Structures are given as C-alpha cells and as structure tokens.
Chemist: 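Quick one: the structure is below, questions incoming.
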Amino acid sequence: MRSILVTGGAGFIGANFVQYWFTQHPQDNILVLDALTYAGNLASLDPVKDHPNFTFVHGNILDTNLIEELLRHHKVDTLIHFAAESHVDRSITGPDAFLETNIMGTHSLLKAAKKVWLDENLLNGKEHRFHHVSTDEVYGTLSLTDPAFTEDTAYAPNSPYAASKASSDHLVRAYNETYGLKTTISNCSNNYGPYHFPEKLIPLVITNILHDKPLPIYGDGKQIRDWLYVEDHARGIELVLNKGRVGENYNIGGHNEWQNIDIVKLVCKLMDECFAKGEALPADFPQAKSAIAGNSASLIEYVKDRLGHDRRYAIDAAKTRDELGYEPQESFETGIRKTVEWYLNNEVWWLAVMDGSYRDWISEQYK
Ligand code: NAD
Ligand code: TYD
C-alpha cells in the first residue's frame with residue numbers, strides 16, 4: 001500500500017491521474033496538494049471526493065514547511081509532482097510565475113523530500129519515490145524529417161514554460177545524483193481528454209464552437225503535436241512508478257502526430273456530426289449557430305503566430321515500451337470522440353472554470 005502526495009491534483013492531468021489511480025489501487029492513500037490557481041478546479045476531483053482514502057489540502061508547493069509537515073503526518077512514501085504553470089502563451093506574456101512555481105516550487109518539494117526521507121529517515125528505510133511529471137517541450141523543436149525525441153535528445157527548450165520545466169528536470173536529476181533521492185522523470189507529449197482547461201487548443205475549439213466564436217489558428221497551422229489521451233499518460237506514470245529505474249527519464253507518447261489545422265478541422269467535423277444527430281444539442285446550445293448549420297469550420301481564423309512557436313514535437317517512447325511494457329490503449333479516433341462528448345455533457349464544469357478571467361486574458365492577446 002502506498003501513501004501518495006499528488007501535487008497539482010486539481011489540474012487537468014493530476015485530476016485524471018487521481019481518478020485513474022483509485023480505480024486501479026483503491027487501497028492506497030492519496031493526498032492532493034493544490035494551490036487552486038486559475039487552472040485548478042476542485043470539481044475535477046468530484047468523482048473521488050468521497051473516497052475514504054482521499055484527502056485534499058489547499059496549499060502552495062513553495063511552502064516547504066507545509067510540504068515537510070504533510071510528508072511526516074501522512075507518512076508519504078511516493079510524491080508525484082504535477083503542479084506547474086502549464087500554458088506556453090501565458091509563459092510568453094508573464095514568465096515570472098513559471099520560474100517561481102516550476103523551478104522554485106519543484107526545488108521546494110525536493111528540499112522537503114530530502115529532509116524528511118533522507119535526513120530524518122522518517123520511513124525507516126522503506127522505499128520512497130519522487131516522480132516528476134515533465135514534458136517533451138524540454139527537447140525543443142523538430143523539423144519534418146528529424147527523428148522523434150528520445151531520452152538522449154539534448155535539452156533545447158524554446159519557451160519560458162519549456163525552459164522552466166527543463167530547469168526543474170535538471171534539479172530533480174541533481175537531487176538524485178548528489179543526495180541519492182530516489183527520483184524518476186517522465187517526459188510526455190500533448191495530452192487531451194476530460195477536465196482540460198479551455199485555454200488549450202482542443203477544449204478551446206470545442207467551447208468556442210459552442211459560443212460561435214472564432215477558432216484562432218496560430219501562424220500557418222501546420223505545427224505538429226503528438227497527442228495522447230490523458231488516461232494513457234496516467235498508465236505510463238503508473239508503470240514508471242512500479243517498474244521504472246531510479247534516476248531515469250522515460251518518454252511517454254501516443255505515436256499520434258497531427259498538424260494543428262487538421263485537429264481543428266476534425267473537431268469541427270465531430271461537433272457538426274453531434275449537432276446533426278437530433279434536436280437536443282441545438283436546443284441546449286442555441287448560440288452555436290455554425291455547428292447547428294453543420295459548418296463549424298467556418299469559424300476558423302488564422303491569427304498571428306505564437307512567438308518562438310515550436311514547429312514539431314514527436315516522442316519516441318521505445319525505451320518506455322521495451323523496459324516497462326508501455327503502449328497507449330486509447331485510439332485517437334475513440335479518444336477524441338469521448339473528449340468532444342465529455343464537453344457536450346459537462347457544460348457545468350467548463351462554465352464554472354471559464355469565469356471570464358481567462359477570456360479577458362485571451363482577448364488581450366489578440367488586440
Ligand atoms: P494544469 O495547468 O491543468 O494544472 C496545474 C495544477 O497545478 C493546477 O491545479 C494548479 O492549481 C496547480 N498549481 C499551480 N501552481 C501551484 C503551486 N504553486 N502550488 C500548488 N499547486 C499549484 O496542468 P496540466 O496540463 O494538468 O499539467 C500537469 C503537469 O504535466 C505539468 O507539470 C505539465 O508541465 C505536465 N505536462 C503537461 C502536458 C499537457 O499536455 N497538458 C504534457 C506533458 C506534461
Ligand atoms: P496548446 O494546447 O497551447 O499546447 P502546447 O503549446 O503545449 O503544445 O497548443 C497546441 C498547439 O496549438 C500549439 O502548436 C499552439 C496551437 N494553438 C493554436 O493554433 N491556437 C490556439 O488558440 C491555441 C491555444 C493553440
């Protein structure tokens with residue numbers, strides 16, 4: 001039985017991870033620590049809130065004393081670190097928060113873990129693990145003909161977000177090498193699925209169609225991302241925890257490269273199909289005029305490109321497959337349909353998180 005501290009568990013991937021983990025390991029204790037920034041939403045943890053082994057703590061990873069107390073009090077043996085500022089566009093307009101949370105916040109967790117697990121030996125020799133959730137964006141960008149990123153690809157981050165994640169990966173590595181903290185790192189490609197904050201491409205497109213708002217395509221729309229269903233990311237982390245070698249990085253990806261414009265057109269098509277099925281959706285979303293007319297793609301609008309926009313990401317997950325037996329289970333075909341349907345059925349969730357502040361922020365970017 002594990003006692004797990006999950007940081008950032010009220011965010012997109014953290015919440016999906018906690019839900020997944022309880023389906024597989026209901027006997028484990030999970031303590032979620034989350035600062036509930038604009039991206040954190042307690043409603044994303046509704047499905048587990050009554051689980052007897054679930055605890056939520058509202059707090060900041062920068063608060064090292066709090067982390068130490070939590071590690072001691074709950075006899076935590078596994079820390080899974082999701083908490084981060086995660087949106088590239090926000091890192092371009094306001095990098096400071098990214099350095100604070102992603103670099104200093106990760107260091108605060110490492111310091112606390114070292115103190116309680118190594119210096120105080122609180123677990124009396126029982127195994128501990130610090131798992132750091134990172135991204136493929138640390139590797140920089142690929143041309144169309146480059147081979148996909150492996151764990152040996154040199155780090156070359158291009159956005160302040162990616163640079164802050166790369167820094168945090170280096171700190172995790174250093175705590176393993178220097179102090180012997182038992183760490184692992186996973187570098188994952190773009191996730192999609194339920195509970196994804198609607199400032200990221202896929203949920204933004206779905207919710208904008210429902211409001212009949214433009215679908216902004218940065219630059220020529222031919223940038224490529226490698227999309228993975230979020231539950232497959234959770235499965236990958238589970239394998240790294242159970243079978244991964246301490247001190248190692250593991251790539252997690254979907255073998256699923258798509259140009260942005262093609263993803264957007266696909267989501268438009270799926271939305272049109274859903275609206276064509278009957279009267280219910282047009283009645284629920286009367287403002288979605290383009291979808292009702294079967295022409296969501298008419299909302300596509302090319303806008304100025306993101307600064308320093310990475311052209312292509314692609315993950316080579318051969319090490320994770322060969323060492324840990326990892327394979328994504330969800331096909332893109334089924335995953336994207338499930339995702340569209342989830343947003344159509346969970347208006348209450350996304351309306352609650354779209355309290356206006358992020359829309360104001362997005363409008364600012366396109367003035
Ligand atoms: P998210 O922005 O949806 O969620 C981040 C969560 O962290 C939120 O709940 C937020 O409240 C919390 N948080 C932020 N600052 C905090 C602080 N100082 N203290 C405590 N909690 C804080 O992010 P996400 O998409 O779920 O990403 C989770 C992790 O996975 C991140 O580390 C990200 O870099 C990594 N990642 C994301 C993707 C992706 O496609 N979204 C891909 C690969 C890796
Ligand atoms: P995003 O979801 O922000 O993820 P990331 O930047 O971490 O890959 O963006 C995915 C891709 O979609 C990226 O190439 C930027 C592009 N994009 C748009 O073209 N328009 C948008 O409105 C957004 C949010 C993203």
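FYI, the numbering just counts along the sequence from 1. All values derive from a computational prediction rather than experimental measurement. Atoms within each ligand, like the ligands themselves, are counted from 1 in listed order.
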Chemist: For Phe12, is at least one N or O under 3.5 Å away from an N or O on ligand 1?
Modeler: yes
Chemist: Between Arg2 and Thr78, is a side-chain hydrogen bond (donor to acceptor under 3.5 Å, both in side chains) present by the stated rule, with each step listed?
Modeler: CA-CA 7 Å; Arg2 289 181 192 264; Thr78 306; 3.1 Å; yes
Chemist: Are any of the N/O atoms in Phe82 less than 3.5 Å from those in ligand 1?
Modeler: yes
Chemist: Short N/O distance, under 3.5 Å, between His233 and ligand 1?
Modeler: no
Chemist: For atom 9 (O) of ligand 2, which candidate among Arg312, Arg306, His87 holds the nearest heavy atom?
Modeler: Arg306
Chemist: Which part of Asp310 is near ligand 2, with near meaning a heavy atom under 4.0 Å away: side chain, backbone, both or neither?
Modeler: neither
Chemist: Relative to Phe332, does Arg337 satisfy both conditions: NZ or CZ under 6.0 angstrom from the six-membered ring centre, and within 45 degrees of the ring's axis?
Modeler: no
Chemist: Measure from NZ or CZ of Arg306 to the centre of the six-membered ring of Tyr218, then state whether that distance is under 6.0 Å and the direction lies within 45° of the axis.
Modeler: no
Chemist: Pick from Thr184, Ile80, Asn242: which one makes a side-chain contact (heavy atoms from CB on, under 4.5 Å) with Ile237?
Modeler: Ile80
Chemist: Under a 4.0 Å heavy-atom limit, does Leu36 contact ligand 1 with its side chain, its backbone, both, or neither?
Modeler: backbone
Chemist: Of the backbone atoms (N, CA, C, O) and the side-chain heavy atoms from C-beta on, which set of Lys165 has a member under 4.0 Å from an atom of ligand 1: side chain, backbone, both, or neither?
Modeler: side chain
Chemist: Can you tell me which portion of Tyr313 lies within the under-4.0 Å heavy-atom range of ligand 1? Options are side chain, backbone, both, or neither.
Modeler: neither
Chemist: If I apply the N/O under 3.5 Å rule, does Thr37 come out as touching ligand 1?
Modeler: yes
Chemist: So, is Tyr161 polar-close to ligand 1, with some N/O to N/O distance under 3.5 Å?
Modeler: yes
Chemist: Quick check: Asp34 and ligand 1, any N/O pair under 3.5 Å apart?
Modeler: yes
Chemist: Does Glu257 come within less than 4.0 Å of Arg312, counting only side-chain N to carboxylate O?
Modeler: yes
Chemist: With heavy atoms under 4.0 Å as the rule, classify the contact between Leu204 and ligand 2 as side chain, backbone, both or neither.
Modeler: side chain
Chemist: Does the N or O separation between Trp227 and ligand 2 drop below 3.5 Å for any pair?
Modeler: no
Chemist: Should the proximity of Asn60 to ligand 1, defined as any heavy atom under 4.0 Å, be assigned to the side chain, the backbone, both, or neither?
Modeler: both
Chemist: Using 0.5 Å steps for rounding, measure from the CZ atom of Phe17 to the CD atom of Gln19.
Modeler: 12.0 Å
Chemist: For a quick check under 3.5 Å, do Asp34 and His58 share a side-chain donor-acceptor pair by atom type?
Modeler: no
Chemist: Report yes if some N/O of Gln223 lies less than 3.5 Å from some N/O of ligand 2; otherwise report no.
Modeler: no
Chemist: Give yes if a backbone or side-chain nitrogen or oxygen of Leu201 is under 3.5 Å from a nitrogen or oxygen of ligand 2, and no if not.
Modeler: yes
Chemist: Does the pair Asp272/Lys269 count as a salt bridge with the N-to-O cut at 4.0 Å?
Modeler: no
Chemist: Distance under 6.0 Å and angle within 45° of the ring axis: does Lys200 meet both against Phe12?
Modeler: no
Chemist: When only distance counts, is His81 in polar contact with ligand 1, meaning an N/O pair under 3.5 Å?
Modeler: no
Chemist: Salt-bridge test for Arg245 and Glu323: reply yes if a basic N is under 4.0 Å from a carboxylate O, no otherwise.
Modeler: yes
Chemist: Just need the protein heavy atom nearest to atom 15 (N) of ligand 1, so name the residue and atom and give the distance.
Modeler: Thr101 CG2, 3.5 Å
